[in-house]
Engineer: 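Quick one: the structure is below, questions incoming.
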Amino acid sequence: MTDSLQSVSANGAGADIDAAETTEWLEAVDAVVEHDGPDRARQILARAVQRAQLAGSGPIASITTPYVNTIPADREAKLPGDPALERRLRSIIRWNAMAMVVRANKVSSELGGHIASYQSLATLYEVGFNHFWHAPSDEHGGDLVYFQGHSSPGNYARAFLEGRLTAEQLDGFRQEVSTAGGLSSYPHPWLMPEFWQFPTVSLGIGAITSIYQARFMKYLQARDMAETDGRKVWAFIGDGEVDEPETMGSIGMAGREQLDNLIWVVNCNLQRLDGPVRGNGKIIQELEADFRGAGWNVIKVIWGSRWDPLLAEDHDGRLVKVMEESIDGEYQTYKSRDGAYVREHFFGKDPVLLDRVAGMSDDEIWLLNRGGLDQQKVYAAYHEAVRHTGQPTVILAKTIKGYGMGVSGEGQMITHQAKKMTEDALLAFRDRFELPLSDEQVRAAEYYKPADDSSEMQFLRESRAKLGGSLPARRPRTEALEVPPLETFKGQLEGTGEREVSTTMSFVRVLAALLRDKTLGRHIVPIVPDESRTFGMEGMFRQVGIYSPVGQLYQPQDSEQLMFYKEDKHGQILEEGITEAGSISSFIAAGTSYSAHGVPMIPFYIYYSMFGYQRVGDLVWAAADSRTRGFMLGGTAGRTTLNGEGLQHEDGHSHVLFSVVPNVRAFDPAFGYEVAVIIQDGLRRMVAEQEDVFYYITLMNENYHHPAMPEGAADGILRGMYLLRPGSDAADRPRVQLLGSGTILHEVLAAAELLESDWDVSADVWSVTSFTELRRDGIEVERWNMLHPLEEPRRAYVTEQLEGRDGPVIASTDYIRTFADQIRQWVPRGYRVLGTDGFGRSDFRRALRRFFEVDRNYVVVAALKELADAGTIDAGRVKEAIERYEIDADAPVPTAV
Ligand SMILES: Cc1ncc(C[n+]2csc(CCOP(=O)(O)OP(=O)(O)O)c2C)c(N)n1
Ligand SMILES: [Mg+2]
């Protein structure tokens with residue numbers, strides 16, 4: 001091994017100034033390995049390295065190991081049973097996975113699909129299915145496997161053999177609308193709620209959510225909410241996918257929290273969509289350094305068993321040296337050619353190696369396999385990974401993209417998108433994997449299922465029975481919990497009297513009451529990305545504790561205070577630090593716990609609203625697809641309410657963004673009782689009725705009086721609007737309907753007073769808790785009316801409400817106009833919308849509301865203008881109001897500055 005060790009230690013060390021001395025040292029290492037084993041060698045060298053570093057050597061490159069398997073051949077756990085049988089079974093699944101894409105694309109290439117990725121993954125999956133992955137059963141809570149999104153044909157092909165899917169369903173791949181039971185293109189719990197658990201196809205999402213899932217399982221265990229010990233989270237990540245910040249961004253947390261229930265398998269097929277992942281480098285070595293630095297256990301599975309004899313004979317390290325010096329672009333090319341090419345271009349790099357393989361035929365050289373495609377090597381890695389404690393494990397498995405596709409894609413640049421195979425390639429595939437199919441069957445890409453009593457099918461059934469059943473499988477429901485009645489939040493329902501508070505404070509009180517609730521309290525999961533103090537939640541640190549797997553190893557600086565910063569092994573708060581992506585991943589883990597763990601948990605994830613959807617929109621969609629249940633709370637929302645923070649912080653559009661997510665119920669409450677009603681009903685829907693919805697609620701930090709809840713308001717609060725304050729009843733006066741939400745409702749209330757007192761106009765004021773819900777209702781009604789032309793038309797809720805009262809309608813909110821504009825077609829009369837379109841900036845709230853033209857004066861002007869347009873009053877009155885309120889009619893439009 002001398003030379004290869006030299007090449008490693010030379011990494012970053014410059015030219016060798018005394019080769020003889022180096023050789024002596026290396027021989028000493030060889031001797032230690034021989035006499036006392038490699039562990040002893042590591043011990044001594046670690047001490048020596050530390051000594052050199054203390055003497056000022058600087059960092060010594062020790063993060064990567066040679067470009068060979070981490071587990072030496074003689075220490076591998078052996079695959080039990082009959083390897084040939086497993087290969088046959090895997091080959092059948094390979095075939096069917098490929099066939100379903102090829103068949104769909106014979107009809108039309110419109111539907112798409114991928115063949116190459118699964119073909120590179122098949123061994124990595126099948127070893128897991130046959131030997132490692134537990135389904136939930138009486139004996140085992142079940143492992144959670146995050147399958148690679150675009151390799152779904154592999155999962156479907158296995159489910160077909162297991163009898164979970166029919167051939168007709170395979171033919172309905174990607175035809176979910178036109179085929180009954182058609183299969184979703186990718187893993188979508190929304191579309192296949194009893195099959196898929198985790199939506200992974202948006203790259204990086206499966207990665208980060210798997211980390212937080214593993215962490216959440218430790219949290220559940222620590223809090224005695226569920227028995228999760230012994231259960232593993234497995235995630236399959238593409239080597240191209242590692243470039244997503246979501247993939248690598250949280251690996252440090254996994255290391256720090258010692259998530260030994262987490263196993264990542266990075267399928268290093270060396271290619272992504274367009275080309276090589278690291279053509280000029282080596283992805284496996286790069287990742288080894290990254291993961292080891294982050295505290296992970298790294299297992300490299302690079303070379304298959306056929307290389308073992310060559311490596312065993314490599315006493316001078318020449319083979320390892322060539323392995324190290326060859327780069328991924330070359331490795332890809334080798335596998336797209338043939339044995340002769342590999343001989344010439346790989347072994348040919350060193351004449352001695354060329355000699356060494358002179359006795360091997362080109363075919364034998366071609367069969368030198370890669371670790372990730374060798375079930376023995378994969379088994380050994382998994383065997384070690386599941387037993388490793390104290391660290392998460394990453395398996396870096398080297399494979400070949402498009403393996404088996406031959407001329408139709410193997411190792412080729414274009415392979416990712418190949419959806420078709422030539423007849424020759426199909427026949428070659430059949431021959432290579434020894435499938436018992438006639439040429440005719442091959443040409444038709446017929447599915448193949450062996451007889452029920454065949455050894456393959458028996459093994460398939462028995463191995464899954466032993467592991468508790470089929471995977472993936474999703475549990476759609478769990479036990480319902482009793483939800484506390486609305487009266488629990490009495491403090492909010494009764495108003496605040498003289499006290500001025502914010503809706504954020506109201507929310508914190510609601511949350512505190514829930515945490516005290518005998519039934520629900522334990523199930524609540526407060527999640528914060530380092531903003532508890534911003535929201536006045538620091539009291540909870542002490543009350544319920546911040547979860548930490550090690551508790552609190554230091555005396556906190558504020559320990560003498562009542563509400564000190566308390567970290568606790570049993571803590572309930574997930575204080576995530578500054579990571580919105582991580583926090584929402586925890587939200588997803590907690591909000592799907594009812595399904596993944598059979599234990600309903602209710603996350604309340606509170607954050608700065610501007611750093612919500614627009615920061616992590618794709619994860620919001622993943623939450624929606626996952627059927628997450630819980631509350632997201634956009635704190636300090638509104639473009640003028642969070643007034644001193646300027647452009648980057650002032651959110652005038654998160655409601656518009658959330659309005660596009662089908663199962664989000666979004667509300668912009670103005671008063672504490674509205675917050676209480678919305679949350680209590682949300683709990684009813686999600687926890688008692690088990691509806692797969694989640695909530696987005698904006699909260700403000702502006703303090704004001706909160707009235708008591710008007711009688712009968714609850715229904716309107718939940719449907720989206722209710723009459724808060726009727727205007728005066730004078731019959732001879734013009735009348736307007738004013739709509740407001742959030743803090744701007746106060747401007748609307750003030751405008752109503754001005755209209756009454758200064759302009760002789762009666763104004764009814766409506767609190768609109770959700771323009772988005774009103775729109776949903778409107779769309780449903782409109783659709784029903786269109787499709788039932790002969791029946792009595794229905795009325796949208798908003799129409800129904802406003803038709804009972806006179807006058808044009810004016811809305812003002814702290815959001816861009818699109819928000820309130822959502823209901824336009826159901827407003828029965830003239831409708832004018834004010835909003836905060838444009839870039840935010842810092843100033844007093846008053847100044848900002850004037851600047852964005854949403855304040856009380858603008859509401860008055862808007863109301864008068866609508867009345868003038870309707871011919872009810874003279875247009876001169878509008879001009880009068882503009883002058884009276886000193887509005888600069890020629891000021892630039894706020895959106896333009
Ligand atoms: C966020 C995101 N960006 C882009 C894509 C499109 N896409 C799907 S697969 C793929 C290449 C994946 O390469 P790799 O991670 O190496 O996986 P492989 O198929 O090679 O296993 C791309 C770009 C996506 N699904 N998600
Ligand atoms: Mg790849």
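One-based numbering, in listed order, for ligands and for the atoms of each.
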Engineer: Mind checking whether Lys401 has an N or O less than 3.5 Å away from an N or O of ligand 1?
Structural biologist: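 Yes - when backbone and side-chain N and O of Lys401 are compared with those of ligand 1, one distance drops under 3.5 Å.
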Engineer: Counting backbone and side-chain atoms alike, does Glu241 have an N/O/S atom under 2.8 Å from the Mg ion (ligand 2)?
Structural biologist: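 Coordinating: no.
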Engineer: Report yes or no: do Arg430 and Tyr448 form a side-chain donor-acceptor pair below 3.5 Å?
Structural biologist: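 No, no side-chain donor-acceptor contact under 3.5 Å.
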Engineer: Which of the numbered atoms in ligand 1 are below 4.0 angstrom from a heavy atom of His416?
Structural biologist: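 Matching atoms, with element in brackets: 9 (S), 10 (C), 11 (C), 19 (O).
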Engineer: Under 4.0 Å from atom 6 (C) of ligand 1, can you find at least one protein heavy atom?
Structural biologist: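 It does not; no protein heavy atom is within 4.0 Å.
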Engineer: Can you tell me which portion of Arg272 lies within the under-4.0 Å heavy-atom range of ligand 1? Options are side chain, backbone, both, or neither.
Structural biologist: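 Both backbone and side chain of Arg272 come within 4.0 Å of ligand 1.
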Engineer: Students should be able to answer this: which protein heavy-atom is nearest to atom 3 (N) of ligand 1, and at what distance?
Structural biologist: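 Nearest protein contact, heavy atoms only, for atom 3 (N) of ligand 1 is Glu244 OE2, 4.0 Å.
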Engineer: Does an N or O from Leu273, backbone or side chain, lie closer than 3.5 Å to an N or O of ligand 1?
Structural biologist: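 No: no nitrogen or oxygen of Leu273 is under 3.5 Å from one in ligand 1.
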Engineer: With the threshold set at under 4.0 angstrom, would you say His114 reaches ligand 1 through any of its heavy atoms?
Structural biologist: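 So His114 does not count as touching ligand 1.
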Engineer: What residue and heavy atom of the protein are closest to atom 15 (O) of ligand 1, and at what distance?
Structural biologist: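 Nearest neighbour among protein heavy atoms for atom 15 (O) of ligand 1, to 0.1 Å: Glu241 N, 2.9 Å.
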Engineer: May I ask you to check whether Ser120 has an N/O atom sitting below 3.5 Å from an N/O atom of ligand 1?
Structural biologist: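 Not met; the criterion fails.
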Engineer: Can an N, O or S atom be found in Gln271 less than 2.8 Å away from the Mg ion (ligand 2)?
Structural biologist: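 Short answer: yes, at least one N, O or S atom is under the cut-off.
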Engineer: Would Ser202 count as being in polar contact with ligand 1, using the rule that some N or O on each side must be under 3.5 angstrom apart?
Structural biologist: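 No.
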Engineer: Checking Ser184 against Glu176: is there a side-chain donor and acceptor pair closer than 3.5 Å?
Structural biologist: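 No - no donor-acceptor pair under 3.5 Å links their side chains.
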Engineer: Determine whether the aromatic ring centres of residues Phe129 and Phe147 are separated by less than 6.0 angstrom.
Structural biologist: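 Yes, ring centres under 6.0 Å apart.
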Engineer: Tyr186 and His150: aromatic ring centres closer than 6.0 Å?
Structural biologist: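 No, the ring of Tyr186 stays outside the 6.0 Å limit from the ring of His150, centre to centre.
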Engineer: Looking only at protein heavy atoms, identify the closest one to atom 14 (P) of ligand 1 and say how far it is in Å.
Structural biologist: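 The closest one turns out to be Gly240 N, 3.5 Å.
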Engineer: Within 45° of the ring axis of Tyr67 and under 6.0 Å from its six-membered ring centre, is that where the NZ or CZ of Lys300 lies?
Structural biologist: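 Because its charged atom misses either the 6.0 Å distance or the 45° angle limit, Lys300 does not stack over Tyr67.
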Engineer: Out of the N/O/S atoms in Asp239, what is the name of the one closest to the Mg ion (ligand 2)?
Structural biologist: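 Among the N, O or S atoms of Asp239, the one closest to the Mg ion (ligand 2) is OD1.
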Engineer: Aromatic contact between Phe236 and Trp264, with the criterion being ring centroids under 6.0 Å apart: yes or no?
Structural biologist: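 Centroid distance Phe236-Trp264: not below 6.0 Å, so no.
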Engineer: Could you verify whether a donor N or O on one side chain and an acceptor N or O on the other, from Asn369 and Ser305, lie under 3.5 Å apart?
Structural biologist: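 Looking only at side-chain atoms, Ser305 and Asn369 do not form any donor-acceptor pair under 3.5 Å.
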Engineer: Does the side chain of Glu410 pick up a donor-acceptor pair with the side chain of Thr415 at under 3.5 Å?
Structural biologist: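 No, no side-chain donor-acceptor contact under 3.5 Å.
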Engineer: Are a donor atom and an acceptor atom from the side chains of Ser326 and Lys349 found within less than 3.5 Å of each other?
Structural biologist: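 Yes, a side-chain donor-acceptor pair sits under 3.5 Å.
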Engineer: Among protein heavy atoms, which lies nearest atom 25 (N) of ligand 1, and at what distance?
Structural biologist: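 The closest heavy atom on the protein side is Val201 O, 2.9 Å.
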Engineer: How far is atom 17 (O) of ligand 1 from its nearest protein heavy atom, and which residue and atom name does that atom have?
Structural biologist: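 Going atom by atom, the protein heavy atom closest to atom 17 (O) of ligand 1 ends up being Gln148 NE2, 3.3 Å.
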Engineer: Strictly under 2.8 Å, is any N, O or S atom of Asn269 next to the Mg ion (ligand 2)?
Structural biologist: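 A backbone or side-chain N, O or S atom of Asn269 is under 2.8 Å from the Mg ion (ligand 2).
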Engineer: Select one of side chain, backbone, both or neither to describe which atoms of Leu203 lie under 4.0 Å from any atom of ligand 1, heavy atoms only.
Structural biologist: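 Both parts.
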Engineer: Hey, can you tell me if Trp133 and Tyr125 have their rings parallel, tilted or perpendicular (30° and 60° cut-offs)?
Structural biologist: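 Correct class here is perpendicular.
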Engineer: Cation-pi check, Arg370 to Tyr403: give yes when NZ or CZ is under 6.0 Å from the six-membered ring centre and within 45° of the ring axis, no otherwise.
Structural biologist: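 Relative to the ring axis of Tyr403, which defines the angle, Arg370 lies outside at least one limit.
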